[in-house]
Colleague: 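This is the structure I want to talk about, given as structure tokens.
Position 1 is the first residue of the sequence, and the numbers go up from there. Side chains included, hydrogens not; waters and symmetry mates left out as well; all remaining heavy atoms used.
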Amino acid sequence: MLFTFDESELLSELEKNPTLMDLAEKLKKDPSVISRQLKRVSEKAPVIEKINGRWMLTELGKNMALWAKKIAIEQDEILGRDYSLTIATTREFASRILAQNFETFLGGPVKYKIITCEDGIEASLLNGTADFGFDCGRPQDPGVSFKQIIEEEIVTVASSKFLKKHKITSLTDLSEESFIHYTRLRPLHAKNINVKKSLVSSNDLAVLRTLLMQDLGWATLPYYAIQEEVKNKTLQIISGGEIKGFKFGVWWLRGRDSLLPAIKMAEEWLKNQELTGTK
């Protein structure tokens with residue numbers, strides 16, 4: 001049975017507005033009307049189900065919601081209206097690269113929303129929360145397209161006080177000292193270091209940076225996340241611990257052809273950013 005435009009819109013908004021009141025406010029309808037619509041949709045196909053008294057999207061429903069969002073964007077493009085795009089990336093990239101260079105970002109009649117995902121942006125693309133984003137490496141799901149654009153340098157770093165206190169003069173000296181682990185990197189990425197003491201781990205670069213500045217240990221982190229602290233000498237890069245081969249790129253959901261112009265502009269913008277600092 002076919003879904004009406006209103007029913008498709010209802011599915012598209014349900015995931016972002018999970019309560020009946022939120023959904024009613026978003027769609028500017030009475031909650032009783034929304035409730036009846038949800039019940040009617042649930043009877044048409046297994047796209048939603050009630051869990052603990054709240055309507056939730058099923059996997060089929062999530063796919064329908066993605067389709068509805070794509071159609072809405074394409075309709076706005078055809079009509080020449082303004083439309084919005086949601087960009088996903090890590091908090092550090094969002095604050096230190098994207099936000100600081102946003103005036104040179106995408107143009108055109110577009111409104112942007114930026115969301116941060118410390119464990120990577122793939123899930124946000126697959127569930128329709130984000131339209132495209134910036135991340136390092138390669139996605140696991142073949143449904144996510146990507147293009148690697150620029151090198152992302154990883155450096156071995158600690159505070160100057162920590163290095164002086166523990167008399168660190170080379171990479172191998174770090175083997176006996178407390179390691180602060182960025183969970184998106186394997187702990188042995190740092191060359192010639194046998195990690196013996198792991199103090200703490202986190203997926204949040206801001207948390208790890210603060211721990212380093214408390215002189216609690218050393219870490220291997222993306223250069224762009226600590227470049228300001230290196231410049232003001234709060235943190236110090238340990239010579240020889242630079243790790244290359246990582247690349248940052250643009251990711252988007254395969255099949256979202258309407259996004260290709262925006263993806264192209266995002267790629268061109270990313271080419272002009274700098275994520276390395278040691279040569």
Colleague: Taking Leu125 as the starting point, is it possible to reach Ile115 by hopping between hydrophobic residues whose side chains are less than 4.5 Å apart?
Modeller: no
Colleague: Looking at Ala206 and Glu92, what are the two nearest heavy atoms and their distance?
Modeller: CB-OE2, 3.5 Å
Colleague: When rounded to the nearest 0.5 angstrom, what distance separates CG in Leu253 from CD in Glu122?
Modeller: 10.0 Å
Colleague: Residues in side-chain hydrogen bond (donor to acceptor under 3.5 Å, both in side chains) with Glu118, at least two apart?
Modeller: none
Colleague: For Ser239, enumerate each residue passing the side-chain hydrogen bond (donor to acceptor under 3.5 Å, both in side chains) test, keeping only those at least two apart in sequence or located in another chain.
Modeller: none
Colleague: Shared ILVMFWY cluster between Leu275 and Ile243, side chains joined below 4.5 angstrom?
Modeller: yes
Colleague: Applying salt bridge (charged side-chain N to carboxylate O under 4.0 Å, His left out) as the test, list every pair that has at least one member in residues 157-167; sequence neighbours left out.
Modeller: none
Colleague: Let me check something: any side-chain donor-acceptor pairs from residues 54-61 under 3.5 Å, sequence neighbours excluded? List them with distances.
Modeller:
residue, atom, partner, partner atom, Å
Thr58, OG1, Pro46, O, 2.7
Thr58, OG1, Val47, O, 3.1
Thr58, OG1, Leu60, N, 3.4
Thr58, OG1, Gly61, N, 3.1

Colleague: By side-chain hydrogen bond (donor to acceptor under 3.5 Å, both in side chains), which residues pair with Gln227, not counting sequence neighbours?
Modeller: none
Colleague: Considering only distance and modelled atom types, tabulate donor-acceptor pairs under 3.5 Å from the side chains of residues 137-151, sequence neighbours left out.
Modeller:
residue, atom, partner, partner atom, Å
Asp141, OD1, Gly143, N, 2.7
Ser145, OG, Arg254, NH1, 3.4
Gln148, NE2, Gly137, O, 3.3

Colleague: Can you check whether Leu216's main-chain N or O pairs, donor with acceptor, with Gln214's side chain at less than 3.5 Å?
Modeller: no
Colleague: The criterion is side chain to side chain contact (heavy atoms under 4.5 Å, CB included); which residues satisfy it with Asp173, sequence neighbours excluded?
Modeller: Ile168, Thr169, Ser170
Colleague: Leu221 and Leu185: same hydrophobic cluster, using ILVMFWY side-chain contacts below 4.5 Å?
Modeller: yes
Colleague: Classify the angle between the aromatic ring planes of Phe102 and Tyr112 as parallel (below 30°), tilted (30 to 60°) or perpendicular (above 60°).
Modeller: perpendicular
Colleague: Taking ILVMFWY side chains as joined if any heavy atoms are under 4.5 angstrom apart, and letting links pass through other members, which residues group with Val33?
Modeller: none
Colleague: Please walk me through it: do Arg96 and Glu229 pass salt bridge (charged side-chain N to carboxylate O under 4.0 Å, His left out)?
Modeller: CA-CA 12 Å; Arg96 297 209 165 193; Glu229 290 71 22; 2.8 Å; yes
Colleague: Leu260: what forms a side chain to side chain contact (heavy atoms under 4.5 Å, CB included) with it, not counting sequence neighbours?
Modeller: Trp252, Asp257
Colleague: Apply side chain to side chain contact (heavy atoms under 4.5 Å, CB included) to Ser32 and list each qualifying residue two or more places apart in sequence or on a separate chain.
Modeller: Asp30, Arg36
Colleague: Run the salt bridge (charged side-chain N to carboxylate O under 4.0 Å, His left out) check on Arg184 and Asp204 step by step: do they pass?
Modeller: CA-CA 9 Å; Arg184 294 194 68 190; Asp204 192 318; over 6 Å; no
Colleague: Do Lys39 and Glu43 sit within salt-bridge range, that is, some charged N less than 4.0 Å from a carboxylate O?
Modeller: yes
Colleague: Hey, is Glu153 close enough to Lys244 for a salt bridge, meaning N to O under 4.0 Å?
Modeller: yes
Colleague: For the CG atom of Leu163 and the CD atom of Gln236, what is their distance to the nearest 0.5 Å?
Modeller: 5.0 Å
Colleague: Considering only NZ, NE, NH1 and NH2 on the basic side and carboxylate oxygens on the acidic side, decide whether Asp131 and Arg256 come within less than 4.0 Å.
Modeller: yes
Colleague: Parallel, tilted or perpendicular: which one describes the rings of Phe132 and Phe134, with boundaries at 30° and 60°?
Modeller: perpendicular
Colleague: Do we see a donor-acceptor contact under 3.5 Å between the side chains of Asn203 and Thr183?
Modeller: no
Colleague: I'd like to know whether Phe179 forms a ring pair (Phe, Tyr, Trp, His ring centres under 6.0 Å) with Trp218, so could you lay out the CA-CA distance, the side-chain angles of the two residues, the decisive distance to 0.1 Å, and finally the verdict.
Modeller: CA-CA 5 Å; Phe179 175 63; Trp218 63 276; 4.6 Å; yes
Colleague: Does Glu25 have any side-chain hydrogen bond (donor to acceptor under 3.5 Å, both in side chains) partners at least two apart in sequence or in another chain, and if so, which?
Modeller: none
Colleague: Would you please name every residue forming a side chain to side chain contact (heavy atoms under 4.5 Å, CB included) with Ser35, sequence neighbours left out?
Modeller: Leu20
Colleague: Taking only Lys NZ, Arg NE, NH1 and NH2, and the carboxylate oxygens of Asp or Glu, determine whether Glu268 and Lys271 approach each other closer than 4.0 Å.
Modeller: yes
